[in-house]
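Structure first, commentary second.
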There are 2 protein chains.
Amino acid sequence: MATTRAGSGRVRRRPTRSGVILEPEMIIDAALRLIEAPGGNALTVRRLGVELGADPSAIYRYFRDLDALLIAIADRLIGETLAGFVPGPDWADSLRDMARRVHDSMLRHPRLAQLRAIRFTAGPNELRVDDIGIGLLLSAGFSAPDAVRHFGDFIDAVLALAAMDAAELAPGQEEADKRALAKVYATFPDEDYPHLAAVRPHLRQITASPFPGVLDKLIAALSEAVPRSSH
Amino acid sequence: MATTRAGSGRVRRRPTRSGVILEPEMIIDAALRLIEAPGGNALTVRRLGVELGADPSAIYRYFRDLDALLIAIADRLIGETLAGFVPGPDWADSLRDMARRVHDSMLRHPRLAQLRAIRFTAGPNELRVDDIGIGLLLSAGFSAPDAVRHFGDFIDAVLALAAMDAAELAPGQEEADKRALAKVYATFPDEDYPHLAAVRPHLRQITASPFPGVLDKLIAALSEAVPRSSH
DNA sequence: TACGCTTAGGTCAATGCGTTGACATAAGGA
DNA sequence: TCCTTATGTCAACGCATTGACCTAAGCGTA
């Protein structure tokens, strides 16, 4: 794995002060246990050390830094996301379905979402997503280069918006922000913002997630862009 | 300002150990100086304390935390972004132009980009952007609720993708990631990923920014969604 | 079996980080 | 003059990360 420091022939294991023999999989398991513990976001390197019965710094023998560990966890979760997904006969519906699964899985683990949007995990499951998506666009009638380009745009937008939605869930400050926003939208002076004033009663809906609307727009644009000869 | 801890009637100023009288604007100035210093991302609360000639914790009398300070800085930069922008006769072109300005300004300050995508700054310039954008969609012929909804989708997608692009600039690990990606795309087994194999020669272009492509798709979708009676 | 070498990997101590609670003190109103 | 309190300062917390150290695991050789 690219996320471990040493090569694949790891042999020279030494027991921890408390007698445990560390393994990368053990660390991921323990980290997931902490992440999913009640009270949320209980994962810190130091706590992970306690959970494993090892010095916190031992973790750095297996993962370059905390990000690398989180990416390894994300890689495992991508697989779970894809389990049970079978593309249907309609490419647009299937693409939409896959996007929703990715979005939902990221919202289940907000802390990982940020990383997954930004860093390439280089895991086999990441490739599976790309393979399915590009296959769908090819079946729609796009040429090879267009399928690659359009799917790249599509999946990046999905990941970026999912990360955005996930970030809103994280620290608990969401409510304060939403109230501040509602207040500003209720009190701005009409003369400074004439267009906003014209739509004032509709502004409260702006707090809704942009994900469904953007997904619709992207798929609509892709449907329009399908080469005529394939209709 | 919502970002300061005390009310607007701040009066009881006390000189710092080194004789300086702190002001919110001073702190923002000093922070920008550090952010834009060579070597990048030199902003830390402790260094800011040194720069100001004050104890680092004094900053927390003016901003709830580092995020709040960064948001205040972002608010100032939004204004600079908008300076010189005048909507043209074509709503779609104007929207595209505004989106590009926002995107570019975020890339100039990657550290701020993340926050700006996620947190509402509640500043007057944020409202200016919304006012202009919704005005453009109204002029295109959208109803009030549709203009609000569509613009919300649009601006959130722009911010999310800009944050994504900005994140790629930040830590310097971009190159390693890109090479890892290129390698994976060059070496995956054909039989496991048949669709990817079919487009293999085109995969290298997937490292390009998704922003222009998504922007095109969003504007295309909006153009299609304009009510017929307005054509 | 025994010896010695290399080195993976566990541990320790220290760095700088954001943040907070306790404390001190001066500004300014009464 | 006194009292309230805004705000600067200090010490401390837990955080991620790193470099130095140490020790035993596993190898080659005899």
Side-chain angles (χ1 to χ4, degrees), chain A residues 1 3-27 30-31 34-35 39-71 111 114-115 170-173, chain B residues 3-27 30-31 34-35 39-71 73 111 114-115 170-173:
Chain A
M1 296 242 326
T3 51
T4 61
R5 241 179 178 176
S8 53
R10 182 187 303 280
V11 268
R12 204 84 84 73
R13 312 248 194 63
R14 252 174 89 182
T16 254
R17 171 169 275 277
S18 68
V20 192
I21 304 276
L22 293 180
E23 297 250 24
E25 288 302 312
M26 278 185 56
I27 299 177
L34 288 178
I35 282 181
N41 271 9
L43 174 61
T44 70
V45 176
R46 291 164 125 88
R47 265 199 280 250
L48 190 50
V50 175
E51 178 83 11
L52 287 166
D55 189 276
S57 64
I59 291 150
Y60 292 89
R61 300 289 179 196
Y62 296 85
F63 300 94
R64 188 161 26 76
D65 53 18
L66 184 57
D67 275 12
L69 171 57
L70 291 174
I71 285 175
R111 175 107 177 247
Q114 309 264 38
L115 281 160
Q173 206 160 4
Chain B
T3 50
T4 61
R5 238 176 177 177
S8 52
R10 180 187 303 282
V11 270
R12 204 83 85 75
R13 313 250 193 63
R14 253 174 87 182
T16 255
R17 170 170 274 278
S18 67
V20 191
I21 303 277
L22 293 180
E23 297 251 22
E25 289 302 311
M26 277 184 56
I27 298 177
L34 288 178
I35 281 182
N41 271 10
L43 174 61
T44 70
V45 176
R46 292 165 126 93
R47 264 200 280 250
L48 190 50
V50 174
E51 178 83 13
L52 286 165
D55 189 275
S57 65
I59 291 150
Y60 292 88
R61 300 289 178 198
Y62 296 86
F63 299 94
R64 189 164 24 75
D65 53 19
L66 182 56
D67 277 11
L69 171 57
L70 291 174
I71 286 175
I73 298 169
R111 175 109 179 244
Q114 310 264 35
L115 282 160
Q173 206 160 3

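Everything numeric in this text was worked out from a predicted model, so none of it was measured. The chains referred to below are lettered A, B, ... by the order of the sequence lines, with proteins before strands, and numbering in each begins at 1. Because only heavy atoms are used, hydrogens play no part in the values below, and waters and symmetry mates are left out as well, while side chains stay in.
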- Message: Using whole Å, what does the distance between atom P of nucleotide C/dG10 and atom CZ of A/R61 come to?
- Response: 8 Å
- Query: How long is the line joining CZ of A/F63 and C1' of D/dT18, in whole Å?
  - Reply: 18 Å
- May I ask you to evaluate whether B/S57 reaches the phosphate of D/dT9, defined as a side-chain N or O under 4.0 Å from OP1 or OP2? no
- Message: In whole Å, I'd like the distance from the CZ atom of B/R64 to the P atom of C/dG18.
- Response: 16 Å
- Between C/dG9, D/dC10, C/dA26, which one does the side chain of B/R17 approach most closely? D/dC10
- Message: How close do B/G49 and B/I59 get, counting heavy atoms only, and between which atoms?
- Response: N-CD1, 4.0 Å
- Note on the structure: Of B/P15 and B/R46, the one whose closest nucleotide on DNA chain D sits nearer the 5' end is B/P15
- Message: Side chain of B/T16 only, heavy atoms from C-beta on: which candidate in D/dT17, C/dG18, D/dG8 is closest?
- Response: D/dG8
- Which nucleotide in the list C/dA26, C/dT11, D/dC10 gets nearest to the side chain of B/R14? C/dA26
- Between B/A30 and B/L48, the two heavy atoms sitting closest are CB-CD1, 3.7 Å
- Query: What is the distance, rounded to the nearest whole Å, between atom CG of A/L43 and atom C1' of D/dC15?
  - Reply: 12 Å
- Message: Ignoring hydrogens, what is the shortest heavy-atom contact between B/M26 and B/I21? Give both atom names and the distance.
- Response: SD-O, 3.1 Å
- Send over the distance from B/I59 CD1 to C/dT20 P, rounded to a whole Å. 13 Å
- Message: Between P on C/dT11 and OH on A/Y62, what's the gap in Å once rounded to a whole number?
- Response: 10 Å
- Compare the minimum distances between each of D/dA16, C/dG10, D/dT9 and the side chain of A/Y60, then state the nucleotide with the smallest one. D/dA16
- Minimum heavy-atom distance between A/S18 and A/G53, given as atom pair plus value: OG-O, 2.7 Å
- Message: Restricting to non-hydrogen atoms, name the atom on A/A42 and the atom on A/R47 that form the minimum distance, rounded to 0.1 Å.
- Response: O-NE, 2.8 Å
- Message: Quick check for you: among C/dG18, C/dC12, D/dC10, whose closest atom lies nearest to any side-chain atom of A/D55?
- Response: C/dC12
- Task: Using whole Å, report how far CD1 of A/I21 lies from P of D/dA24.
- Result: 13 Å
- Message: From CG of A/L48 over to P of D/dC15, roughly how many Å is that when rounded to an integer?
- Response: 12 Å
